[in-house]
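Just so you know, these numbers use all the heavy atoms, side chains as well, and skip hydrogens, waters and symmetry mates. Chain naming here is simple, since letters A, B, ... match the order of the sequence lines and numbering starts at 1 in each.
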2 protein chains.
Amino acid sequence: MEKTTERFTIAHGSGGELTNQLLESETFEILQNEYLQKKHDGAVFELSGKLAFTTDSYVVSPLFFPGGNIGDLAVNGTVNDLAMCGARAKYLSLSFILEEGFSIDEFHTILLSIRKAADKADVLIVTGDTKVVERGKGDKIFINTSGIGQVHPNANIDAANIEIGDKILISGPVASHGMAIMSVREGLEFESQIRSDTASVQEQVMTLLDEFGQDIHFLRDPTRGGVATVLNEIARQMHLGISVDERKIPVREQVRSACEMLGIDPLYVANEGTFLVWVKAEASEMALEKLQAVLPTGQQAAVIGSVVAEHPGQVIIRTEIGGRRVVAMPSGEQLPRIC
Amino acid sequence: MEKTTERFTIAHGSGGELTNQLLESETFEILQNEYLQKKHDGAVFELSGKLAFTTDSYVVSPLFFPGGNIGDLAVNGTVNDLAMCGARAKYLSLSFILEEGFSIDEFHTILLSIRKAADKADVLIVTGDTKVVERGKGDKIFINTSGIGQVHPNANIDAANIEIGDKILISGPVASHGMAIMSVREGLEFESQIRSDTASVQEQVMTLLDEFGQDIHFLRDPTRGGVATVLNEIARQMHLGISVDERKIPVREQVRSACEMLGIDPLYVANEGTFLVWVKAEASEMALEKLQAVLPTGQQAAVIGSVVAEHPGQVIIRTEIGGRRVVAMPSGEQLPRIC
């Protein structure tokens, strides 16, 4: 498509001629595959066995940030939610809510990122929807992706499988996504840019399941609310204690500086390409080595804590200076519209 | 839940304590089932064979209208998109984008409608997501539902199956949904209220497929843009002519009056519980009888036209006064935010 200064109008969402032109020239052309080609109300395919199904709406602001944009975020986020179920993503749906006046050029850029991220995760976008709302009734673009994945034959991911003694691994450094967004919002400048970690973690998860199968008890990606929130949710839900070693939590130097500057604890900051693994203690060292071997972020993977019999329902952290404190659930708003 | 004057705040969307309270006390309580109970990033289930997958975002305004609200619309719309693939809905996802300040009481009412519509269509809501955006960056509530259905063993629904000679049936009177929305927006008053036709058409479709299987060539529900838009899309896509008899198109008296008053052609108005069937000519009379037997709207089902060799790509209507005219694709905006 040629560069254009055109913007969306309400008529683009009405199901008429303009909708048709938009869908044909843009969405179908960029995302084309045999399923979308049918232009039907849904896609039909054969799939059998244990399936995973997930959904997320993306409202991130700003739309473009170092390391990604709302488009690849929407693909990676849903691929990762499927991975957290132990599943390989097969089919995605894609639904847009566009605000009148949103730039068609920016839409085009986002579509290209969606296609690229989908190709990288080897997932097909097979069905979609576009709505347009009046100016001031939306915010440029919101994207929903839902996904269907096929569960790995060795996988049995369930919080009920978490046992006392399980080690908790993290797949890479924390807080990069949230701080990339914040540094744009706050206009912070660093020597090198803080980039979001937005990426599919599907291959890392599949590698772990190939090797360790049922010893992988649980998976969760610490998106909104960060590592602290996920650990608290699991501790409460399963009435188990979680003990964490602050010194073991990998944080990139630049990210740590930004957190200090803004007075934000990296444990509460969103990640979009990093995940937590609850693994049987005996397998934890080998699982860590396996994770560390998967580039680019794997070399910073770490065992950050374990599941304990003490303080059920609570997350206790051993701090860098040797003290111990409760990691609370965040109560108010930390970072709105991070994803 | 007790009646409350509380409203959503940004913190409800941040993944912290308020998100937790909201999800636990409201969403999980009303929609509860074994899948949601796991509170994981996605749902896992066994399903095999030919599946259908679809998505839609709902931005209807006003949220509440005679005959329904955005909640049951979001369930019925996605169940119907699956039905148009010849599939029975099995699992739905549910994703909310809430505007800061939106009434928690209204949210509660919408949730109850969602549960009721899901029960009626015998579909489970198994995974979800909630985001909150700042005041003025959304419009109260947007809902995305995506759905997975199991394709009927007799079904082979594909526009490529449409043949010259096929009859086109409509399952009930047209334009009720769009005119229900318009009459609220325009403050029109009639002797009796115009009610939306929002409803699941799943049972009607399954009955047709049970009996007529492969003779049902194609299905499509005329939502945005109405019957005229769907017929045009199919005529163009398949390079076939479509001939329609205006006198055969069922329109409720009240709806017809409202259309005349507002100068709107009912053929272009959205439906949310009505569908079009392309059926082999030999089976069309029996299929019509079958549709007419399914209450409450079936008694007005009708054969409205047929697929012809003449004028490929065009829809020609024989008007009530006996003339013939082209039914054009709507170019501009007719009725924004109808669904």
Side-chain angles (χ1 to χ4, degrees), chain A residues 10-11 13-18 20 38-57 59 81-82 84-85 91 93-95 97 126-129 131 133 136-139 142 144 146 148 151 158-159 220-221 224-225 229 237 329-334 336-337, chain B residues 10-11 13-18 20 38-57 59 81-82 84-85 91 93-95 97 126-129 131 133 136-139 142 144 146 148 151 158-159 220-221 224-225 229 237 329-334 336-337:
Chain A
I10 283 293
S14 70
E17 196 65 77
L18 275 169
N20 233 290
K38 295 220 178 260
K39 298 177 188 168
H40 196 33
D41 290 335
V44 171
F45 43 77
E46 298 265 353
L47 206 56
S48 286
K50 214 181 238 183
L51 306 180
F53 181 32
T54 191
T55 190
D56 256 319
S57 288
V59 299
D81 278 352
L82 292 172
M84 296 304 103
C85 300
Y91 300 107
S93 66
L94 179 64
S95 177
I97 299 174
V126 295
T127 188
D129 178 49
K131 296 290 190 318
V133 297
K137 302 292 186 183
D139 194 12
F142 299 144
N144 179 281
S146 301
I148 301 178
V151 176
D158 194 323
R220 181 63 72 81
D221 55 340
R224 271 186 291 179
T229 300
Q237 190 182 333
M329 188 82 166
S331 61
E333 175 57 16
Q334 281 240 336
R337 297 184 60 188
Chain B
I10 284 291
S14 70
E17 194 66 75
L18 275 168
N20 233 290
K38 295 221 180 257
K39 298 175 187 169
H40 195 34
D41 290 333
V44 171
F45 42 77
E46 297 265 352
L47 207 58
S48 285
K50 215 182 237 183
L51 306 180
F53 181 32
T54 190
T55 192
D56 255 320
S57 288
V59 299
D81 279 352
L82 292 172
M84 296 306 101
C85 300
Y91 301 107
S93 66
L94 178 65
S95 178
I97 299 174
V126 295
T127 189
D129 178 49
K131 295 291 191 316
V133 297
K137 302 293 186 183
D139 195 11
F142 299 144
N144 178 281
S146 301
I148 302 177
V151 176
D158 194 323
R220 181 65 70 83
D221 55 341
R224 272 186 290 179
T229 301
Q237 190 183 334
M329 189 80 166
S331 61
E333 177 57 17
Q334 282 240 335
R337 296 184 61 187

> At a heavy-atom separation under 4.5 Å, does A:V133 approach chain B through its side chain, its backbone, both, or neither?
both
> Output all residues satisfying side-chain hydrogen bond (donor to acceptor under 3.5 Å, both in side chains) with A:T54, sequence neighbours left out; order by chain, then residue number.
none
> Please test A:L51 against B:L51 for side chain to side chain contact (heavy atoms under 4.5 Å, CB included), starting from the C-alpha separation and ending with a verdict.
CA-CA 11 Å; A:L51 306 180; B:L51 306 180; 3.6 Å; yes
> What heavy-atom pair brings A:K39 and B:R220 nearest, and what distance separates the two atoms?
O-NH2, 2.8 Å
> In terms of heavy-atom pairs under 4.5 Å with chain B, which of A:A52, A:G49, A:G136 leads?
A:G49
> Among A:A159, A:C85, A:G128, who wins on heavy-atom pairs under 4.5 Å with chain B?
A:C85
> Using every non-hydrogen atom in the two residues, find where A:Y91 and B:F53 come nearest and quote the distance to one decimal.
O-CE2, 3.8 Å
> Name all residues meeting the side-chain contact (heavy atoms from CB on, under 4.5 Å) criterion together with B:K50; count only those two or more places apart in sequence or in a different chain, and write none if there are none.
A:V44, A:E46, B:V151
> Does some side-chain heavy atom of A:D158 sit less than 4.5 Å from a side-chain heavy atom of B:H40?
no
> Angle between ring planes, B:F142 versus A:F142, binned at 30° and 60°: parallel, tilted or perpendicular?
tilted
> Taking side chain to side chain contact (heavy atoms under 4.5 Å, CB included) as the criterion, tell me which of B:D139, B:N144, B:V59 meets it with A:I97.
B:V59
> Mind checking whether A:D81 and B:T127 have side chains closer than 4.5 Å, heavy atoms only?
no
> Work out which heavy atom in A:S57 is nearest to a heavy atom in B:D129; give both atom names and the distance.
N-OD2, 2.8 Å
